[in-house]
Amino acid sequence: MRTQAILTLVCGIGLIAVGCSRPAPKQIADAEDSNQTISDTAKEASGESAPEEPAPPAEEAPASEQSNPEKTGENEEAVETPVEEASSQEAAAQATAPAEDADAEQSEPETQVASEPPATAVAAPTSAEVTSQWNQWGGSSQRNNTPVGANIPAEWEVGEIDFDTGQWNREGSKNIKWVARVGSQSYGNPVVADGKVFVGTNNGAAYLERYPEDVDLGCLLCFNEADGKFLWQHSSEKLATGRVHDWPLQGICCAPLVEGDRLWFVTSRGEVRCLDTSGFHDDENDGPYKDETYTTKDEADVVWVFDMMKELKTSQHNMCSCSVTSSGDFLFVNTSNGLDESHINLPAPDAPSFFAMNKNTGEVYWTDASPGKNILHGQWSSPACGELGGVPQVIFGGGDGWVYSFKADVTAKEPELLWKFDANPKETKWVLGGQGTRNNIIATPVIHDGLVYVAVGQDPEHGEGVGHLWAIDPTKRGDVSPELAFNVDDLEHPIPPKRIQAVVAEDGEVSRPNPNTAVVWHYSQFDQDGDGEYSFEETMHRSCGTVAIKDNLLFIADFSGLFHCLDLKTGQPYWTYDMFAAAWGSPLIVDDKVYIGDEDGDVSIFTLSKEMDQIAEINMGNSVYSTPIVAKNVLYIANKTHLFAIAPDTEVAQREGNAQQQ
């Protein structure tokens with residue numbers, strides 16, 4: 001029996017050691033055999049089902065291995081998670097009719113269990129169907145990490161890494177196409193587009209002569225897709241304000257968005273930048289920004305820069321990290337506005353948390369500061385975007401634990417809030433250092449088949465705790481939370497949201513079911529064995545991971561190291577698997593297999609099935625904080641220090657032979 005490694009956390013109130021020993025792993029039995037319910041309002045989505053759509057960091061949002069001002073050293077990303085590339089699949093994946101309204105008077109109605117579809121033979125994807133690029137976190141604005149691929153390895157050997165030099169030795173490796181050194185701490189999720197691979201990290205690899213390894217930077221690296229050759233680097237020098245805004249060694253923790261020969265990403269300095277994907281390899285300095293001091297081929301070519309801290313007066317907590325997405329000419333960004341080093345004071349309560357801008361020019365269209373003074377810590381979630389109920393919507397996870405939807409209309413000049421959803425029970429409480437029960441949102445919302453799926457969590461530095469996973473009907477309007485908060489003296493008019501605790505019983509406050517709730521189902525605990533108690537394996541814990549969905553199955557990892565497989569329609573768990581290590585990233589579903597990495601450096605691989613069938617567990621030689629992706633039948637996995645391109649050795653040899661002949 002293993003026990004989870006103890007996380008040593010330094011916070012504003014002192015040194016906290018958080019650990020968890022647990023019983024031997026238990027595979028949870030099929031949920032259909034249980035008469036227990038996990039749904040607050042389990043309703044099947046009505047309407048015609050749309051084809052599955054393409055959709056990091058994680059979630060990707062930041063946190064740390066031992067990070068933040070509450071940390072002894074190194075901030076980490078949270079993530080978030082990928083989707084399928086913008087292809088014919090994405091075009092086909094549209095929203096369906098809304099789910100039935102939830103019965104607000106019934107807190108735990110009986111769960112509806114979807115019937116199992118008949119087994120059918122699945123043909124191998126054609127070359128036209130195979131995902132050729134993965135151009136953003138989650139592959140598309142829908143954020144569901146389910147590319148199309150064939151013969152994706154479930155077996156490989158990483159070979160040997162010389163940790164003094166960072167060099168990879170191919171001898172002893174298996175099914176490894178190439179390996180590229182990244183930084184010393186890497187939390188950004190890789191992106192593949194335009195014949196290149198992009199990944200965020202720090203300056204541990206020191207690719208540029210002018211920045212030796214002892215110079216701390218946020219780095220966006222670009223490699224050649226065919227052979228992993230380094231092409232260019234964008235360098236973000238650390239802010240003079242230090243760890244309050246730009247935590248040491250954390251680098252770039254987001255994934256970029258790539259469309260054509262343009263790339264957009266958020267720097268650790270609180271900027272949105274547009275780059276030319278070719279760098280200076282095309283011998284051109286694209287503009288309007290032409291002030292680059294260095295224009296050699298290993299440097300990035302900046303097209304335009306928007307400084308959020310300067311222009312919007314934001315103040316990010318420890319780092320700025322958002323994997324942007326787009327709709328038409330609109331670029332959607334979470335600003336990461338948050339607390340200062342005290343973890344109590346909010347320097348910029350009126351600064352925007354979310355905004356939309358023109359991706360071609362950097363012009364801001366609209367901003368929104370909805371979380372306002374109720375931001376709990378930082379805001380590192382990334383937006384999702386899609387057409388839902390016939391309306392284009394952009395979905396943001398707020399640092400106050402609420403989910404917000406705005407109309408993603410390219411003609412809009414003002415934000416139009418469509419709905420908002422409190423993802424925490426009203427009685428939950430925020431306590432410094434993660435000791436409370438109220439959470440914010442680090443994961444990225446996922447849009448699938450007309451619904452929105454999102455989990456709550458905290459910066460992993462805060463340790464473990466109870467979490468919540470929600471399926472939300474996005475066709476409702478207004479406050480669509482599960483509950484509303486009232487004062488007992490006035491049960492007609494809800495009280496405004498509050499930061500620390502929405503409902504304080506001692507102050508005469510109560511919560512009541514919301515008749516306008518958008519809850520389709522809710523997963524937090526499930527008495528799988530019917531013993532009247534909730535064991536460790538029967539609990540959804542805090543998560544910075546993003547869900548992945550396919551074949552009516554939903555997968556998500558939590559920070560306590562549990563990997564959950566749920567029924568998509570009801571939220572009932574089919575099985576959980578204890579990885580015995582924290583999970584920062586999100587699942588990949590491809591080729592009827594499911595991949596998930598953990599802090600021990602293990603990548604667990606399962607059959608895409610409601611029966612738990614582990615195919616393999618492969619160690620990557622270092623912690624895996626990012627999310628695996630696939631493009632052109634190549635599997636990409638980044639650990640802390642290296643990026644691995646994984647493909648069958650026969651295909652690698654064939655490609656190398658063809659290259660030599662040419």
Side-chain angles (χ1 to χ4, degrees), residues 61-62 200 218 220 234-242 244-247 252-254 256-257 262-276 286-293 300-340 345-373 375 378-383 385 394 396-399 404 406 408 410-417:
L220 181 69
H234 180 279
S235 307
S236 296
E237 296 185 349
K238 304 301 282 187
L239 289 170
T241 48
V244 64
H245 292 137
D246 199 355
W247 195 265
I252 301 299
C253 294
C254 65
L257 164 70
R262 290 292 180 263
L263 176 153
W264 298 264
F265 78 114
V266 169
T267 74
S268 51
R269 296 175 60 87
E271 305 162 322
V272 183
R273 289 199 171 213
C274 175
L275 309 181
D276 175 9
D286 294 82
Y289 185 93
K290 293 180 179 291
D291 294 338
E292 296 94 339
T293 303
D301 181 4
V302 179
V303 178
W304 57 257
V305 180
F306 181 82
D307 189 332
M308 292 184 284
M309 296 186 72
K310 178 181 178 181
E311 302 296 336
L312 301 179
K313 309 303 180 187
T314 58
S315 178
Q316 66 252 22
H317 179 76
N318 295 160
M319 71 173 60
C320 192
S321 182
C322 167
S323 295
V324 299
T325 193
S326 67
S327 176
D329 288 337
F330 264 39
L331 190 71
F332 299 109
V333 188
N334 185 323
T335 67
S336 299
N337 192 43
L339 305 184
D340 63 13
N345 181 53
L346 182 65
D350 298 323
S353 291
F354 325 123
F355 72 103
M357 66 193 314
N358 186 304
K359 69 184 181 186
N360 302 309
T361 65
E363 173 194 359
V364 173
Y365 286 137
W366 55 257
T367 65
D368 182 86
S370 290
K373 64 182 181 180
I375 295 172
Q379 295 188 109
W380 305 296
S381 179
S382 300
C385 184
V394 56
F396 289 97
Y404 296 89
F406 297 88
V410 296
T411 64
K413 295 295 183 181
E414 297 290 337
E416 181 180 343
L417 180 67

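Residue pairs meeting the salt bridge (Lys or Arg N to Asp or Glu O under 4.0 Å) criterion with at least one member in residues 317-327, sequence neighbours excluded, do not occur. Sequence neighbours left out, the pairs with a member in residues 355-365 that pass salt bridge (Lys or Arg N to Asp or Glu O under 4.0 Å) are E259-K359.
For the residue pair G397 and N334, the shortest heavy atom distance occurs at O-ND2, 3.5 Å. The nearest pair of heavy atoms linking A408 to F332 is CB-CZ, 3.8 Å. Across every non-hydrogen atom of T367 and P415, the tightest pair is O-CG, 3.3 Å. Across every non-hydrogen atom of S268 and G218, the tightest pair is OG-CA, 4.1 Å. Here the shortest heavy-atom pairing between L275 and V303 reads C-CG2, 3.8 Å. Closest non-hydrogen pair, H317 versus G378, comes out as CB-CA, 4.1 Å.
In this structure the side chain of I375 reaches within 4.5 angstrom of the side chain of N337, judged on heavy atoms. Put simply, the side chain of Y404 reaches to within 4.5 Å of the side chain of P371, judged on heavy atoms. Inter-residue side-chain proximity for V333 and W264 is flagged as unmet; no heavy-atom pair is nearer than 4.5 Å. Between M309 and T335 the shortest side-chain heavy-atom distance does not fall below 4.5 Å. Proximity of R269 to D307: side-chain heavy atoms (C-beta onward) are nowhere separated by under 4.5 Å. Annotation: side chain of Y365 is not in contact with side chain of E414 (no heavy-atom distance under 4.5 Å).
Looking at H245, its side chain never comes within 3.5 Å of a backbone N or O of N318 through a donor-acceptor pair. In this structure a side-chain-to-backbone donor-acceptor pair under 3.5 Å is missing from T314 to Q316. Remark: the backbone N or O of V272 is not paired with any side-chain donor or acceptor of W304 at under 3.5 angstrom. Judged purely by atom type and a 3.5 angstrom limit, R273 has no side-chain atom pairing as donor or acceptor with the backbone of T267.
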Distance-only criterion, 3.5 Å: show the donor-acceptor pairs between side-chain atoms of residues 345-357 and protein atoms not counting sequence neighbours.
from : atom 1 : to   : atom 2 : distance (Å)
N345 : ND2    : D340 : OD2    : 2.9
S353 : OG     : Q379 : OE1    : 3.4
S353 : OG     : Q379 : NE2    : 2.8

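Listed by chain and residue number, K238 satisfy the side-chain hydrogen bond (donor to acceptor under 3.5 Å, both in side chains) test with D246 (two or more places apart in sequence, or in another chain). The side-chain hydrogen bond (donor to acceptor under 3.5 Å, both in side chains) test applied to D368 returns S370, not counting sequence neighbours. Legend: residues meeting ring pair (Phe, Tyr, Trp, His ring centres under 6.0 Å) with H234, ordered by chain and number and at least two apart, are F265. In this structure, S236 has no side-chain hydrogen bond (donor to acceptor under 3.5 Å, both in side chains) partners at least two apart in sequence or on a different chain. Applying the side chain to side chain contact (heavy atoms under 4.5 Å, CB included) rule to E292 yields the partners F280, N285, Y289, T295, D301, V302; only residues at least two apart in sequence or on another chain are considered. Remark: T361 pairs with no residue by the side-chain hydrogen bond (donor to acceptor under 3.5 Å, both in side chains) rule, at least two apart or across chains.
Note: F396 and F406 have perpendicular aromatic rings, judged against thresholds of 30 and 60 degrees for the angle between ring planes.
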